[in-house]
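In this chain, numbering begins with 1 at the start of the sequence shown. Ligands are counted one by one from 1 in listed order, and the atoms in each one are counted from 1 as well. These numbers were taken from a predicted model, which means no experiment stands behind them.
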Amino acid sequence: MPDLRDDVRELFGVITGRDPDGIWSAPGRVNLIGEHTDYNEGFVLPFAIDRRTLVAAGAREDAVLRVASTFSDQAIEIPLAELDAARGRAGWADYPLGVAWALGRSGADLAAVPGVDLVIDSNVPVGAGLSSSAALESAVALALDDLWRLGLTRPALARVGQLAENEFVGAPTGIMDQSASLLGRPDAAVFLDCRSLDADIIPLGFAAAGLALVVIDTGVTHDHATGRYGERRASCEAGAAALGVASLRELTVDDLPRARAELDDVTFRRVRHVVSENRRVLDVVRTLREDGPTAIGALLDASHASLRDDFEVSVPELDLAVETARENGALGARMTGGGFGGAAIALAPIDAVSRIQVAIDGAFAEHGFAAPEVYPVRPSDGAARDA
Ligand code: GLA
């Protein structure tokens, strides 16, 4: 990414009058399957995408953290000692400030480390459900870990990003997005057990099989800090408590008849989604290994149906995107991410991609929906130091 790297280095120079100590970057993610399973200690299978957030960073001589970015005119400056009092106040800057704060909660002595200038640029679309927030958290976490010589592992840095998001920003999200951003590998997905945090890299082989993974960004905005994501999480926790298990991960499809007998209808359907989705993640991993990516379409479709009907986090734009992609040659399609807007994905033969793009544009126009963005993404490398 030569261009973004030059831009961020140049802006760092303009703002600080010196060169950065380094440049770090981290990608957004697409979740192939395993939705609303992470905070239920279940399985997820996301991959890092070829859209990244870059951070140029340099140590300061005082104990101040300053963050600036190409997407805001205002730099935010705050003494490291005052981070705790600043929780949830700085808009987009809550993410980088939150990471510094969370590193303090995870063993870094914020009274002993130098202040840092951070300058940020990104080509991860914001609000598309591709985890621009996790890309930002992961790039900053890696930069501060290096500059402050903390030596934290990638899984520990993922926890730091999640802590920042949960307790500094105030969004009750799981560990999936940060794990994808920090652990992703080219042409592969991260198979994560969210209970043990064991991660396996699963080759995807899309291009070799003549397939493309298309993102359909509906443009419908979602915000995990607002209620509905938290409501779904609370239903899952209530279902687990009523069934006497620590998390829904403890249940299998064999437990569903008992769940149906003991739970109200809504809670039962939330539970059925999570239990069946965990099963589908394992089935996709096995199918990828045994039969390759052309064989996973039906599992993607089943995931979407479960999210739409049982978990009820889809919206008409996502349903239309998924149906239109399938009607025009996709092998499988589903919404990806938390839902209530954001993006869908479709796995399609490369030669069907332009037909799908045209058909989705036409279908959205026909329904009076705002024009979506439809583009392929490539499973890519996770966070790294770039310079
Ligand atoms: C959002 C959250 C993730 C995960 C998904 C749903 O992306 O950030 O932790 O819960 O929703 O699978």
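No salt bridge links Glu35 with Arg232; every basic N to acidic carboxylate O contact stays at or beyond 4.0 Å. A salt bridge links Arg286 with Asp283: the distance from a Lys NZ or Arg NE/NH1/NH2 to an Asp or Glu carboxylate oxygen falls below 4.0 Å.
Looking at ligand 1, you won't find any N or O of Tyr39 less than 3.5 Å from one of its N or O atoms. Inclusion of Arg29 in the set of residues having an N or O under 3.5 Å from an N or O of ligand 1 is warranted. Checking only distances, His36 does come within under 3.5 Å of ligand 1, N or O to N or O. Note: an N/O pair closer than 3.5 Å links Glu35 and ligand 1 by distance alone.
Every atom of ligand 1 with a heavy atom of Gly174 under 4.0 Å away is listed here by number and element: 9 (O). Which parts of ligand 1 touch Met176 is read off a 4.0 Å heavy-atom cut-off, strictly below it: atoms 4 (C), 5 (C), 12 (O). Counting the atoms of ligand 1 from 1 in the order shown, those under 4.0 Å from a heavy atom of Thr173 are 2 (C), 8 (O), 9 (O).
Relative ring orientation between Phe43 and Phe191 is described as tilted, the plane-to-plane angle lying within the 30° to 60° band. Between Tyr39 and Tyr229, the two ring planes are perpendicular [angle over 60°; tilted spans 30° to 60°].
Judged by distance alone, with hydrogens and angles left aside, the side-chain atoms of Asp361 form no donor-acceptor pair with the main-chain N or O of Ala371 at under 3.5 Å. Of the possible polar contacts, none joining the Asp217 side chain to the Pro372 backbone as a donor-acceptor pair under 3.5 Å is found.
Listed by chain and residue number, Asp200 satisfy the salt bridge (Lys or Arg N to Asp or Glu O under 4.0 Å) test with Arg289 (two or more places apart in sequence, or in another chain).
The closest heavy-atom contact to atom 4 (C) of ligand 1, among the options Asp177, Val313, Asp38, Ile175, comes from Asp38.
Neither the backbone nor the side chain of Arg232 comes within 4.0 Å of ligand 1, counting heavy atoms alone.
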